[in-house]
Amino acid sequence: MSEAAGAQFGVAGMGVMGASLALNIADHGFRVAVWDRHSERIDEMHRKHGHPEIWGTPSLEAFVQRLERPRRVLLMVTAGAAVDSMVERLLPLLAEGDVIMDAGNSWFLDTRRREEQCKARGIHFLGVGVSGGEEGARNGPSIMPGGAPAAYELVRPVFEAIAATTDLGPCVTYVGQDGAGHFVKMVHNGIEYADMQLLAETYDVLRRGLGLEADALADLLSQWDHGIAGSFLLETTIKVLRQKDPETGRPLVDLVLDKAGQKGTGKWTVQVALDLAVPIPSIAASLDARILSSMKDERVAAAPKLKGPAVQLSKDEQAQLAAWTHDALYAARVVTYAQGMRLIQAASQEYQWNIHLAELARIWRGGCIIRAKLLTPLREAFQQQPALPNLVVSDAFAPVLERMAPAWRQVVGVATRVGIPVPVFSASLAYLDSYRTAELPQNLTQAQRDAFGAHTYQRKDRPEAGFVHTEWGK
Ligand SMILES: NC(=O)C1=CN([C@@H]2O[C@H](COP(=O)(O)OP(=O)(O)OC[C@H]3O[C@@H](n4cnc5c(N)ncnc54)[C@H](OP(=O)(O)O)[C@@H]3O)[C@@H](O)[C@H]2O)C=CC1
Ligand SMILES: O=C(CO)[C@H](O)[C@H](O)COP(=O)(O)O
């Protein structure tokens, strides 16, 4: 880059995502200034990927000075205190009309607070969800920006240039005010957790139920990937199952310790869903499954004490289990997306974000981790009925769920009978069964509450009476 020209975009934080995004932006013809608190990070990035349109800067002051006005600064640093520290450091260096973008996985209420903090100084603040991992950031992520529309307009050309593209355009859309973008990215990750757990349960049912080894499983899942169950996470699963350990020649997945980690977005999704009173049992079950998996020592100690059932599958069950599991995977996945969309709908109402669910489905069709074929009918469902109360009752999905439910029940039944845990398959099925049940047993719950705590209840036969109390047992 010529010394005289200003940089059109700044990226602070040259970690996995920041370096990839900077390269992506430069590839699209924008001059990019980069900064990291450790200058070796910049040197390493130049050494590995040297790019004429990327300019490393030795200090935050130099970084800001190299930027054209209005300055556009994208933070790609660890979520939490690091973002606050960067905002504190940048505010005195920036001028009115400049834009800070936080593209990490930040908590949406922090984003609301930071936007207010910046607004008081005349600086725009955008909370930008980015999905696609390192590869997506480098070659085309899905981008979920939230904040003031005027601020979004200042960065829109760059985001539209670097985002993944599908037949429906670049995978970026203005999501809504303040924390809307980060909220949507958080729920995206919640859905990601549930879908990953469904794939883990699929793997377990097929390997323990049918005795399939990694290669045979990969072959089977490859067939599924060509059909309606196709998705990025399914492709990732196939890739993982095919990988061999160079030292032993064994499938590498068989050597990976069964303890799943997490960085917090799944937990936040469940916490905020409880606050908004939106049931998301599939996502909650996937979070619990990760936590239970991390209790490895306890599980190992419990295994010899708590023997499961010694039951064999019948020949008929063995013949049909793969086909049943395919349908169970698709149907349960629909239910997890339905829960995520419902949560976004509730937050959109609560915070007046006016989020367009069909647009989210459009930008999730490419670039992001939860991209899946089912997003095409899902988008159409919300296009036809933007206020659809729940995806499971849409014309597109209700008949499919009805058709696939018998196979899904078989999978949950067989797995339960032989003792294979299927928390998300079963939580999703219970959600669907609850949602379609006009008369739930919570009449008993209400009666119990009134019986021990005088919490009152309503009568079916006399709704006009309002809340009443009974002296139960008297
Ligand atoms: N990895 C992924 O697949 C995805 C990650 N994200 C989110 O993107 C963000 C970055 O993730 P990722 O790139 O993977 O993480 P990395 O750990 O690779 O990079 C983190 C970056 O933050 C910098 N940093 C940390 N603390 C501070 C601080 N106090 N002040 C200034 N800079 C600091 C680090 O600098 P240094 O290394 O020099 O210490 C580094 O440049 C996170 O919020 C993450 O959740 C979003 C989508 C996908
Ligand atoms: O944001 C991402 C993808 O979109 C992260 O890669 C993913 O969420 C990692 O989360 P966790 O470490 O909790 O599994």
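Whatever order the structure lists them in is the order used to number ligands and atoms, beginning at 1.
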Inset, instruction - Check whether any protein heavy atom sits under 4.0 Å from atom 13 (O) of ligand 2. - result: yes
Inset, instruction - Could you list which atoms of ligand 2 come closer than 4.0 Å to a heavy atom of Glu192? - result: 3 (C), 4 (O), 7 (C), 8 (O)
Legend entry - Atom indices of ligand 2, in the order listed, that fall short of 4.0 Å to a heavy atom of Arg290: 11 (P), 13 (O), 14 (O)
Inset, instruction - Verify, without hydrogens or angle tests, whether Lys259 (side chain) and Leu292 (backbone) share a donor-acceptor contact under 3.5 angstrom. - result: no
Inset, instruction - Indicate yes or no: at least one non-hydrogen side-chain atom of Leu67 is less than 4.5 angstrom from one of Phe9. - result: no
Legend entry - Sub-4.0 Å atoms of ligand 2 with respect to non-hydrogen atoms of Ile369: 3 (C), 4 (O)
Inset, instruction - For atom CD of Glu213, decide whether the heavy atoms of other residues, nucleotides or ligands shown that lie under 6.0 angstrom number more than 12. - result: no
Legend entry - Gly340 versus Ile191, closest heavy-atom pair with distance: CA-CD1, 4.0 Å
Legend entry - Protein heavy-atom partner closest to atom 8 (O) of ligand 2 - residue, atom, separation in Å: Asn189 ND2, 2.8 Å
Inset, instruction - Mind listing the closest non-hydrogen atom pair of Ala328 and Val411 along with its distance? - result: CB-CG2, 3.9 Å
Inset, instruction - Could you tell me how the ring of Trp224 sits relative to the ring of His326: parallel (under 30°), tilted (30 to 60°) or perpendicular (over 60°)? - result: perpendicular
Inset, instruction - Output yes when a side-chain donor or acceptor of Lys185 lies under 3.5 Å from a complementary backbone atom of Ala103, and no otherwise. - result: no
Pairs under 3.5 angstrom only: tabulate donor-acceptor contacts from the side chains of residues 379-387 to other protein residues two or more places apart or in another chain.
none

Legend entry - Residue part near ligand 2, for Met196, under 4.0 Å between non-hydrogen atoms: neither
Legend entry - From Val155, Asp98, Leu94, residue fulfilling side-chain contact (heavy atoms from CB on, under 4.5 Å) relative to Pro70: Asp98
Legend entry - Interfacing atoms of ligand 2 (cut-off 4.0 Å, heavy-atom, Gln262): 13 (O)
Legend entry - Under 4.0 Å from ligand 1, counting heavy atoms only: the protein residues, by chain and number: Gly13, Met14, Gly15, Val16, Met17, Asp36, Arg37, His38, Arg41, Met76, Val77, Thr78, Ala79, Ala82, Met86, Gly104, Asn105, Val130, Gly133, Lys185
Inset, instruction - Enumerate the atoms of ligand 2 whose separation from the nearest heavy atom of His188 is less than 4.0 angstrom. - result: 4 (O)
Inset, instruction - Please determine if Arg112 and Asp178 form a salt bridge, counting it only when a charged side-chain N lies under 4.0 Å from a carboxylate O. - result: yes
Legend entry - Phe63 and Trp35 aromatic ring geometry - parallel, tilted or perpendicular at 30°/60° bounds: tilted
Inset, instruction - Please identify which atoms of ligand 2 are closer than 4.0 Å to at least one heavy atom of Asn105. - result: 1 (O), 2 (C)
Legend entry - Under 4.0 Å to a heavy atom of Lys185 - the qualifying atoms of ligand 2, by number: 1 (O), 2 (C), 3 (C), 4 (O)
